[in-house]
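First comes the structure, then the notes that go with it.
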Protein chains: 2
Amino acid sequence: MPKRSSGDGNPHSGSARMRDVAARAGVSTMTVSRALNEPGKVSEEMRERVLRAVREIGYLPNHLAGSLSSNRSTTIGLIVPSIDNSIYTQTVKGLSEVLKSSGFQLMIAESGYDPNEEEELITVFLSHRVSGLVLHSTEHTPQAAEKIRKSGIPVVENGNIPREPLDMVVSFSNYDASYAMTMHLGRLGYRKIAFASLYSVHNDRSQDRLQGYHAALRQLGLDPDPRIVLETERGLAAGAEVMARVVQSVPEVDALFCAGDVLVVGALFECQKRGWAVPGRIALASFDDVDLLRHVSPSVTTLRLPRYDIGERTARILLSRIMDGAEHLRGSVVDLKFELIQREST
Amino acid sequence: MPKRSSGDGNPHSGSARMRDVAARAGVSTMTVSRALNEPGKVSEEMRERVLRAVREIGYLPNHLAGSLSSNRSTTIGLIVPSIDNSIYTQTVKGLSEVLKSSGFQLMIAESGYDPNEEEELITVFLSHRVSGLVLHSTEHTPQAAEKIRKSGIPVVENGNIPREPLDMVVSFSNYDASYAMTMHLGRLGYRKIAFASLYSVHNDRSQDRLQGYHAALRQLGLDPDPRIVLETERGLAAGAEVMARVVQSVPEVDALFCAGDVLVVGALFECQKRGWAVPGRIALASFDDVDLLRHVSPSVTTLRLPRYDIGERTARILLSRIMDGAEHLRGSVVDLKFELIQREST
DNA sequence: TTGTAAGCGTTATCAC
DNA sequence: GTGATAACGCTTACAA
C-alpha cells in the first residue's frame with residue numbers, strides 16, 4: 001500500500017526525496033543528509049557528487065520530516081495584539097531580519113487583546129512545534145503559562161517589563177517611560193497635566209503607563225484629577241475628541257500627555273482647528289516617536305522607544321537559547337532604555 | 001536505539017504522544033486520530049473516552065508529524081517587500097483573520113524588494129511544505145516561477161495585476177488607479193501635473209503607476225515633462241524634498257500627484273512651511289487613503305484602495321483551492337476596485 | 001465502528 | 001568518512 005500513489009493531485013506530490021538524490025549520487029541517504037547539513041563531515045568528493053545530484057533532480061529538503069526526526073524546528077511563533085498596529089512593525093522587522101539570517105521562520109498571529117485567544121494561539125504554535133515564542137502582551141491565562149512551562153521552549157515577552165515574567169523579557173518599561181515624561185512636564189512647570197491612553201482592559205502597557213503617570217504626579221506634589229485621565233480607542237479622531245473633551249471639562253488643564261498611538265496628532269489638529277496655541281494654551285506630549293511628530297508644527301515632544309532593537313535583541317536571545325543552549329539566559333530581563341525627545345510642543 | 005532518550009533536555013521532549021492517549025483510553029491510535037480529526041466517524045462513547053484521556057494527559061497533537069504523514073499542511077507563506085510598510089498591514093490582517101478561522105497559520109518573510117531574495121524565501125517556504133503562497137510583488141525570477149509551478153501549490157499575487165500571472169491574482173490595478181487620479185486632476189483643469197513615486201527598480205507597482213500617469217497625460221492631451229516626474233525614497237522628508245524640488249525647477253507646475261506612501265504629507269507640510277496655498281498655488285493628490293489624509297488641512301484627495309479586502313479575498317480563494325480543491329479557480333484574476341476620494345487639496 | 005500494518009521523509013545511533 | 005537500521009508521531013489503506 002504505497003501511500004504515495006494516492007496523492008497524485010496533491011501539492012508537493014512530485015517533489016523528489018532524499019533517497020532519490022542518494023540513488024542518483026550512488027550514496028546512502030545519510031551521506032546526502034550530512035552533505036547538506038554538516039558539509040564538514042563529508043569528503044569533498046562526496047559533497048560535490050551529492051550537490052550535483054541535488055541540482056539535477058531539483059531536490060527540495062522536507063523541513064517537516066527533518067524537524068520531526070531531529071526534534072528541532074526552525075520556526076518561531078509571534079503573537080501580537082493586533083497586526084495592523086504600526087507600533088509593532090519595527091519590532092517585527094528586527095525579529096525577522098535576525099531570524100532570517102539564521103534560517104528561522106516567523107509564524108505570526110494576532111490575539112486581539114484577548115488572553116484566551118492568546119492561549120489558543122499558543123496551543124496552536126506548540127502543536128507546530130515552534131522552537132521559541134515571542135509574546136507582546138505580558139498578560140496571560142494561567143493555562144497558557146502552564147502550557148508554555150510544560151513545553152520547555154524559551155519565551156520572550158516584549159511589550160512591557162512584567163512583575164512576574166514567564167521566562168525572558170526584552171522590552172522597555174512602560175511605567176518608567178510614562179513616569180519620565182510626566183516628570184519632564186512637571187519640571188517644565190506644567191501643573192495640570194491631563195493623561196490620555198488606549199483602553200487598559202487586558203492591556204498591561206496602558207495600565208503601567210497610567211501608574212507611571214500617577215507616580216510622577218505624586219513625586220511632583222500634584223493632585224490627581226480623574227476628570228483629566230481618559231481612556232479611548234486608537235486613531236486620530238479619538239485624539240481630537242479627547243483634546244476637546246479635556247479642555248472643555250477642565251479649562252485649567254495646561255498639558256496633555258497622550259500615552260498611546262497617534263492620539264497626539266489628532267489632539268494637535270484639534271488645537272489648530274480651535275485656535276488653541278501649543279504649547280501656549282496647552283502643551284502636548286506623546287509616547288512613540290513616529291516620523292510624523294518631528295514634521296508637524298509645532299513638532300511634538302515624545303519618547304523614542306527602541307522598537308527595532310527590541311525585535312533584534314529578542315531574536316538574538318532566543319537563538320542563543322535554541323541553538324547554543326544558553327541556559328544561563330533563562331529568566332533574563334533586558335530593560336532597553338528609551339530617550340525623551342524635547343521638541344516645540346512643550 | 002530509542003531516539004527519545006537522547007532528547008531529555010530538548011524542547012517538547014516531555015509532550016505526550018498519541019499512543020499515550022490511546023493507551024490511557026484503551027483504544028488504538030487510529031481511534032484517537034479519528035476522534036480528534038473526524039469526530040463524526042467515531043462513536044459517542046469512544047469520542048468522550050478519548051477526549052477525556054487527552055485532557056488528563058495534556059496531549060498536544062504534533063502538526064509536524066500529522067502534516068508529514070497526510071501530505072497536507074496548515075501553513076501559508078506570505079512574502080512582502082518590507083514588513084515595516086504600513087500599507088501591507090491591513091492586507092495581512094485580512095489574510096490572518098480568515099486563515100485563523102480555518103486553522104491555518106501564516107509564515108511571513110520580507111524580500112527587501114529583491115527578486116533573488118524572494119526566490120530564496122519561496123524555496124524555504126516550499127521546504128516547509130506550505131499549502132499556499134501569497135506574494136505581494138509580481139516580479140519574480142524565472143527559477144522562482146518554475147519552482148512554484150513544479151510544487152503544484154496555489155499562489156496568489158496581490159500587489160498588482162500582472163500581465164502574466166503565476167496563478168491567481170487578487171489586487172487592484174495600480175495602472176488603472178494612477179490613470180484615474182491623473183485624469184481626475186486633468187478634468188479639474190490642472191495642466192502641469194507633476195508625479196512622484198517610490199523607486200521603481202524591482203517595483204512593478206511603481207512602474208505601473210508611472211505608466212497610468214503617462215497614459216492619462218496622453219488622453220488629456222498634455223505633454224509629458226521628465227523634469228516633473230520624480231522617484232524618491234519613503235518618508236515624509238522625501239515628500240517635502242520632492243515638493244520643493246518640483247516647484248523650484250518648474251514653477252508652472254500646478255499639481256503634484258504623490259503615488260506612494262505618505263509622500264504627500266511631507267509635501268503638504270513643505271507647502272505650509274513655504275506659504276504655498278493648496279490647492280491655490282499647487283494641488284495635491286495621493287494614492288492610499290491613510291487616516292491622516294482626512295484630518296490634515298486641507299484634507300487630501302486620494303484613492304481608497306481595498307487593502308483589507310485584498311487580504312480577505314486572497315485567503316478565501318486560497319482556502320478554496322486547498323480545502324475544496326477548487327481547480328476551476330486556477331489562474332483566476334480578481335480585480336478589486338478602488339475609489340477616488342475628492343477632498344480639499346484639489 | 002474499530003484496529004492493524006505500512007509508510008510519510010528525514011535524522012540519531014552505532015557499526016564498519 | 002560512510003552506511004544500515006531504527007526511530008520521529010502521525011495518517012493512509014485495508015481488513016475485520
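Proteins get letters first, then strands, A, B, ... in listed order; numbering begins at 1 in each.
- A salt bridge is absent between B:E146 and B:K150: the closest approach of a Lys/Arg side-chain nitrogen to an acidic carboxylate oxygen does not fall below 4.0 angstrom.
- Residues meeting the side chain to side chain contact (heavy atoms under 4.5 Å, CB included) test with B:I79, sequence neighbours left out: B:S111, B:E118, B:L121, B:I122, B:F125, B:L135.
- B:E48 is linked by a salt bridge (Lys or Arg N to Asp or Glu O under 4.0 Å) to nothing, counting only residues two or more places apart in sequence or in another chain.
- Not counting sequence neighbours, the partners of B:E110 by the salt bridge (Lys or Arg N to Asp or Glu O under 4.0 Å) test are A:K93.
- Within residues 26-54 of chain A, the residues approaching DNA chain C are A:T29, A:M30, A:S33, A:R34, A:N37, by heavy-atom distance under 4.0 Å.
- Considering only residues two or more places apart in sequence or on other chains, B:R24 meets the salt bridge (Lys or Arg N to Asp or Glu O under 4.0 Å) condition with B:E56.
- What separates CG of B:L64 from C1' of C:dT11 is a distance of 13 Å, to the nearest Å.
- Not a single ring-ring contact (aromatic ring centres under 6.0 Å, His included) links B:H202 to another residue, sequence neighbours left out.
- A donor-acceptor contact closer than 3.5 angstrom is absent between the side chains of A:H63 and A:Q105.
- In this entry the distance linking CG of A:N62 with P of C:dG9 reads 7 Å, nearest Å.
- Direction of the helix axis in the helix from C:dT1-D:dA16 to C:dC16-D:dG1 shifts by 30° between the two five-pair termini, rounded to 10°.
- Applying the 4.0 Å criterion to OP1 and OP2 of C:dA12, one finds that A:R72 has a side-chain N or O inside that range.
- For A:L68 and C:dG9, the CG to C1' distance is 9 Å, given to the nearest whole Å.
- In this entry the distance linking CE of B:M18 with P of D:dC8 reads 15 Å, nearest Å.
- Donor-acceptor pairing under 3.5 Å, judged by distance alone, is present between the side chain of A:S69 and the base of C:dT10.
- Per the geometry, CZ belonging to B:R129 stands 17 Å off C1' belonging to D:dC10, to the nearest Å.
- In this structure, A:L60 places its CG atom 14 Å from C1' of C:dT10, rounding to the nearest Å.
- For A:Y88, the ring-ring contact (aromatic ring centres under 6.0 Å, His included) partners two or more places apart in sequence, or in a different chain, are A:H136.
- Distance CG (B:N71) to P (C:dG7): 16 Å, rounded to an integer number of Å.
- For B:E139, the salt bridge (Lys or Arg N to Asp or Glu O under 4.0 Å) test picks out no residue, with sequence neighbours left out.
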